[in-house]
Amino acid sequence: MNDLQLSNKAFYNDIRDIIINARSNAVRSVEFARMMMYWHLGERIFVEEQCGQNRAEYGEYLIRDLSKKLETEFGNGFSQRQLERARKFYRVYPNALDVRPQLNWSQYRQLIAIDDKYKREYYELESVNNAWTARETERQVNSLLYERLLLSNDKEAVLAVARKQRTPEMPSEVIKDPMYLEFLGLKREAKYYEEDIESALINHLQEFLLELGNGFAFVARQKRILLDDDEFFADLIFYNRLLRCFVVIEIKTHKLNHEDLGQLQMYVNYYNRYEKLPDESPTVGILLCTAKNDLLAKVTLPEDNAHILTSKYELYLPSENDLLEEIKDVIDIIDNRTDEQTEPHAG
């Protein structure tokens, strides 16, 4: 390719980028204008309700009557439920400057449905930080990502990372337990081999990275490790740029046992001794299994273990009630931690 052809190609790419960026900006502008329309509708409805002494029956009549008139003139998008959402949108975000242009109305509809302000802030920040789509935000909310992170972290630590006030330092701040792999589309009653799940994870790598969390990048599958005449194959290798370390993931289709832990420990040792650079953090190992035995893991691994983690995986996303049952003790755990920190010690 000569210089003229290279110049023409660069020129074309520049023009193409201008068009693509303009279209993207136009879509974002339209979506933000739509979002602010609902914010202003919510503000005006709220002000009008106050004129009616904030009586519930007046507010209900006001929105019902308004919806009928708006739908007659403007069509879909102004149902009674939608107007109620607009009112709540304004109530939750009374300052228009707090409305983030990086998000869309579909995402804010999900956010305003969250009553806990800290939980809502977490999903709002992470949606912006990770450029989640509306579907990805919905998936993370429905899988109770926030609560799963709280199982091994306190609320302030989780929010500090989302606010970019600190970078995760420990693997437990990033790795979730349990992990939900419903995006694989595998039937729960079928029997699978480890390579089946591994292949499915590779085919759904983007969704798996979303479930893994922040900072993960795919490195290798079935990484060959040769020790003299013996060869081994580590299932999946990732790198986490926040923790600055390799992450070795082993997949098991049975309940955790000590042989699995020993195998994973060997892979982690190998990466620490032969792959890790001097300025990188120690390698993390994650054992994905169908059922855990925390006491077995505690006895098998060193007392100061912080880099071999076990996580139960599910091939389907349970109902909200089942999810809450899975982590029903999370609030008590947080409250107990707080009580232990604030309780005066006898002297």
Side-chain angles (χ1 to χ4, degrees), residues 31 35 85 89 92-93 99-168 171-186 200-201 204-218 238 240-243 247 249 286 288 309 311-328 330-331 334:
E31 183 57 44
M35 190 162 58
R85 287 191 183 117
F89 186 30
V92 175
Y93 296 93
V99 178
R100 298 175 181 271
Q102 301 97 322
L103 304 182
N104 56 45
W105 174 237
S106 295
Q107 288 170 302
Y108 270 110
R109 279 170 47 187
Q110 297 171 53
L111 292 172
I112 62 176
I114 300 172
D115 293 329
D116 185 318
K117 65 178 183 178
Y118 298 110
K119 180 178 176 180
R120 183 172 58 247
E121 180 191 3
Y122 172 79
Y123 286 116
E124 180 182 354
L125 291 173
E126 288 295 81
S127 294
V128 172
N129 294 341
N130 299 289
W132 286 345
T133 63
R135 174 179 286 186
E136 289 171 338
T137 298
E138 180 181 22
R139 192 270 174 187
Q140 299 296 60
V141 172
N142 290 342
S143 69
L144 298 187
L145 170 63
Y146 177 71
E147 287 85 349
R148 284 189 286 155
L149 288 173
L150 288 184
L151 284 171
S152 54
N153 304 277
D154 63 80
K155 180 173 64 181
E156 288 305 316
V158 171
L159 288 173
V161 172
R163 293 166 181 162
K164 294 187 175 181
Q165 295 172 343
R166 61 183 294 274
T167 300
S172 59
E173 296 183 75
V174 176
I175 309 304
K176 296 180 288 296
D177 179 36
M179 285 193 190
Y180 293 109
L181 311 179
E182 85 292 344
F183 50 84
L184 299 181
L186 299 175
L201 288 174
H204 296 80
L205 189 56
Q206 183 175 352
E207 292 92 338
F208 187 41
L209 287 170
L210 179 68
E211 173 63 3
L212 281 176
N214 294 336
F216 281 91
F218 177 66
F238 290 84
N240 189 283
R241 63 182 181 83
L242 300 179
L243 298 174
V247 179
I249 296 181
I286 304 174
L288 288 179
L309 300 120
S311 181
K312 175 185 175 183
Y313 68 84
E314 299 280 2
L315 294 178
Y316 63 97
L317 192 63
S319 66
E320 183 175 354
N321 288 336
D322 289 339
L323 277 168
L324 290 173
E325 183 65 24
E326 285 266 4
I327 55 177
K328 63 183 179 179
V330 63
I331 302 301
I334 298 168

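In this chain, numbering begins with 1 at the start of the sequence shown. Quantities reported herein were computed from a predicted structural model and do not represent experimental measurements.
Once rounded to the nearest 0.5 Å, the distance linking NZ of Lys176 with CG of Leu144 reads 12.5 Å. Rounding to the nearest 0.5 angstrom, the gap separating the CZ atom in Arg163 from the OH atom in Tyr122 is 12.5 Å. Summarising the geometry, atom CD belonging to Glu147 is positioned 8.0 Å from atom CG belonging to Asp116; distances are rounded to the nearest 0.5 Å. Residue Leu210 holds its CG atom at 4.0 Å from CD of Gln140, rounded to the nearest 0.5 Å. A distance of 10.0 Å separates CG of Leu149 from CD1 of Ile175, quoted to the nearest 0.5 Å. Interatomic distance, Arg139 CZ to Trp132 CH2, rounded to the nearest 0.5 Å: 9.5 Å.
Between the side chain of Tyr93 and the backbone N or O of Ile112 there is no donor-acceptor pair closer than 3.5 Å. In this structure a side-chain-to-backbone donor-acceptor pair under 3.5 Å is missing from Asp115 to Arg120.
For CZ of Arg166, the number of neighbouring non-hydrogen atoms (other residues, nucleotides, ligands) closer than 6.0 Å is greater than 12. A 6.0 Å sphere centred on CD of Gln165 holds more than 12 heavy atoms belonging to other residues, nucleotides or ligands.
Looking at heavy atoms from C-beta onward, Tyr146 lies out of side-chain contact with Ile114 at the 4.5 angstrom threshold. Residues Leu103 and Val128 have side chains in contact (heavy-atom distance under 4.5 Å, counting atoms from C-beta outward). Residues Met179 and Leu212 are in side-chain contact: their nearest non-hydrogen atoms beyond the backbone lie under 4.5 Å apart. Counting heavy atoms from C-beta outward, Thr167 and Arg241 have side chains that stay 4.5 Å or more apart. The side-chain heavy atoms of Glu136 and Glu126, taken from C-beta on, include no pair separated by under 4.5 Å.
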Exercise for the section: May I have the step-by-step check of side chain to side chain contact (heavy atoms under 4.5 Å, CB included) for Tyr108 and Arg85, ending in yes or no? Expected result: CA-CA 10 Å; Tyr108 270 110; Arg85 287 191 183 117; over 6 Å; no

Practice task
Please assess Leu288 against Ile249 for the test side chain to side chain contact (heavy atoms under 4.5 Å, CB included), listing each intermediate value before the final yes or no.
Solution key: CA-CA 7 Å; Leu288 288 179; Ile249 296 181; 3.9 Å; yes

Practice task
Apply side chain to side chain contact (heavy atoms under 4.5 Å, CB included) to the pair Glu124 and Gln107, showing each step before the final yes or no.
Solution key: CA-CA 8 Å; Glu124 180 182 354; Gln107 288 170 302; over 6 Å; no

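Using bins of under 30°, 30° to 60° and over 60° for the plane-to-plane angle, the ring pair Phe216/Phe238 lands in the perpendicular bin. Relative ring orientation between Phe183 and Phe208 is described as tilted, the plane-to-plane angle lying within the 30° to 60° band.
In this structure, Phe89 has its ring center closer than 6.0 angstrom to the ring center of Trp105.
Minimum heavy-atom separation, Val174 to Pro168: CG2-CB, 3.8 Å. When all heavy atoms of Ala162 and Asn129 are compared, the pair lying nearest together is O-ND2, 2.8 Å. Heavy-atom minimum distance, Pro171 versus Leu309: CB-CD1, 3.5 Å. Of all the heavy atoms in Asn240 and Asn214, the pair that sits closest is ND2-O, 2.9 Å. Taking each heavy atom of Ala134 and Asn104 in turn, the nearest pair found is CB-OD1, 4.0 Å.
Judged purely by distance below 3.5 Å, without hydrogens or angles, the side chains of Gln110 and Thr137 never pair a donor atom with an acceptor atom. Under 3.5 Å, the side chains of Tyr313 and Glu211 contain no donor-acceptor pair of N or O atoms.
Each of Glu314, Glu182, Arg148 was scored for a side-chain hydrogen bond (donor to acceptor under 3.5 Å, both in side chains) with Ser143, with one residue passing: Arg148.
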